[in-house]
Amino acid sequence: MKVVIVGGVAGGATAAARIRRLDEQAEIVVFERSGYVSYANCGLPYYIGDVISNPEALTLQTPESFFSRFRVRMKVHHEVTAIHPDQKTVSVKNLETGEIFEESYDKLILSPGAKPARPRVPGTGLEQVFTLRTVEDTFRIKEYIDRHHPKSAVLAGGGFIGLELAENLQKLGMEVTIVQRPRQLMNPFDPDMAAFIHGEMRRHGIRLVLGHTVEGFAENGGKVDILLQDAPALRADLVVLAIGVTPDTALAKDAGLALGVKDSIIVNERMETSVPDIYAVGDAVQVKHIVTGQDALISLAGPANKQGRIAADNICGGNSRYSGSQGSSVIKVFDLTAAVTGVNETAAKKAGLDVDKVILSPMNHAGYYPGGKLMTMKVVFEKETYRLLGAQIVGYEGVDKRIDVLAAAIRMGMKAAELKELDLAYAPPYSSAKDPVNMAGFMIDNIEKGILRQWFLEDLDRLARDGSAILLDVRTTGEYSGGHIDGFRNIPVDELRERLDEVERDKPVYVICQSGLRSYIACRILAGYGYEAYNFAGGFRFYDAVTHDRRLIESATACGMDR
């Protein structure tokens with residue numbers, strides 16, 4: 001059996017190694033357009049920022065090491081230019097010599113990945129304008145920085161690459177601005193949770209220009225003017241386009257393979273395309289989102305590696321299946337860690353799901369153990385069924401641990417309230433006896449049992465300000481005087497029982513505290529005396545962070561600059 005693989009990196013290299021482990025006699029050839037067959041995409045920004053100083057550390061395998069261990073022929077600087085399914089051959093061009101030849105196959109795996117999206121605007125070909133996707137891209141940016149010593153950079157795009165690159169360029173001493181059309185960074189997060197990411201970026205001097213469209217680039221005395229729609233131009237020494245990626249599927253399209261979302265390659269659970277004996281894996285394929293069941297594009301290394309393994313299994317006579325993706329991911333944002341799994345509230349509603357949520361701010365470990373830090377968690381679930389849909393966490397230590405627990409719970413189809421039953425490891429330096437994941441489960445269990453009734457930030461403008469409802473802040477008088485929401489009266493929770501005569505009994509009571517815990521206790525006190533009480537999800541800390549972020553974005557809209 002002869003297997004030809006188009007593209008190395010995650011999916012292709014994984015498939016090649018797996019095929020060899022299953023079939024020692026198979027002939028395996030990998031054609032890779034770049035000069036690197038297996039490299040750490042996610043580490044590229046950290047090489048630019050000198051966090052990773054050795055360029056060889058980015059290369060996981062070389063053609064020589066791959067052949068030595070797996071007897072796989074890795075042909076770098078070879079571009080497959082056409083697929084001929086009827087003849088079961090591919091046309092290949094040697095990019096070093098210009099030679100063009102045909103290569104036959106019994107089985108073909110397409111792992112072309114995705115290419116950086118380039119806006120169709122003037123100036124993208126300027127010397128100072130870059131994209132970052134491959135090792136070669138990284139070396140070009142690094143060489144330019146070392147040669148020209150730029151003092152400022154504009155990043156078009158606020159996704160994973162944009163944020164990681166912003167941090168690394170800032171640490172090199174540059175003034176960094178991120179500009180993008182959406183009014184938030186990191187679209188896998190809801191806007192309220194993205195507010196915490198925005199705050200961390202601003203705290204480290206990153207300027208955010210959100211809600212603005214780039215219309216082009218123009219050279220200006222060795223610098224670049226970034227032309228914005230309805231806003232003054234920005235100026236920088238360096239520009240990196242990080243506005244996302246699109247499936248690199250021209251080969252598949254020309255060969256007549258069925259295509260789906262954004263021209264991604266349609267595959268079944270066995271990673272088979274619409275053409276016999278052709279498989280596809282990685283960023284170029286359409287997958288099912290396991291939460292919504294909808295077709296999706298999820299460009300992450302984890303799914304690509306799994307898909308490469310599954311394709312290899314099936315080529316070698318197995319029957320492995322890919323059940324879908326859920327988009328679990330984590331990112332370092334200066335001192336913060338931000339992580340997400342499943343779908344966020346915004347995406348769930350767009351998918352037609354009827355959703356509810358809890359927002360909490362637990363400590364990463366026992367409060368009495370030194371060094372504890374708050375994290376903000378948002379867990380989204382389906383009303384009526386209580387099916388877990390997704391989770392977002394922004395904090396410091398322990399964020400990755402909790403998101404992985406929640407990711408596993410979603411994958412196994414757990415109900416949201418069942419999070420309270422998980423038996424999770426505890427010691428004071430690492431967690432609390434009631435882990436943050438358990439706490440989310442306790443809250444959802446209380447909602448299901450009717451013990452907890454919530455109100456949310458989006459309800460604030462709709463709350464009756466005509467006296468038909470009681471708005472109650474149960475923090476201390478000192479906390480209240482340091483900042484509060486207009487219209488809320490202050491009765492500290494520890495004084496509430498003695499001051500119930502100040503709370504009218506025939507009106508609903510909307511309660512807030514700093515994090516949501518004291519206000520929940522106040523709600524239970526009020527319920528015990530016959531009141532209809534609602535607890536604010538997230539607390540004043542959450543309210544303050546989100547509304548402050550919104551004010552900054554609104555005020556920056558007119559001038560195109562946000563600090």
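Worth knowing before you read on, the calculation uses all heavy atoms, side chains too, and leaves out hydrogens, waters and symmetry mates.
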Q. Honestly, is Lys357 close enough over Phe456, meaning NZ or CZ under 6.0 Å from the six-membered ring centre and within 45° of the axis?
A. yes
| message | When you measure from the centre of the six-membered ring of Phe31, is the NZ or CZ of Lys75 closer than 6.0 Å and no more than 45° off the axis? | response | no
Pair [X] + [Y]: basic N to acidic O under 4.0 Å:
X      : Y      : value
Glu143 : Arg147 : yes
Asp237 : Lys151 : no
Asp283 : Lys115 : no
Lys262 : Asp295 : no
Glu102 : Lys93  : no

Got a donor-acceptor contact below 3.5 angstrom from the [X] side chain to the [Y] backbone?
X      : Y      : answer
His198 : Phe196 : no
Glu79  : Thr81  : no
Thr337 : Lys332 : no

How are the rings of His204 and Phe334 set to each other: parallel, tilted or perpendicular (split at 30° and 60°)? parallel
Ignoring hydrogens and angles, state whether a donor on the side chain of [X] or [Y] is under 3.5 Å from an acceptor on the partner side chain.
X      : Y      : answer
His289 : Ser325 : no
Ser515 : Ser361 : no
Ser68  : Ser65  : no
Asp190 : Gln392 : yes

d(Ile83 CD1, Thr273 OG1) to nearest 0.5 Å is 8.5 Å
Applied to residues 146-172, the ring-ring contact (aromatic ring centres under 6.0 Å, His included) test, sequence neighbours excluded, yields Tyr144-His148
Do Arg235 and Ile226 have side-chain heavy atoms sitting under 4.5 Å apart? no
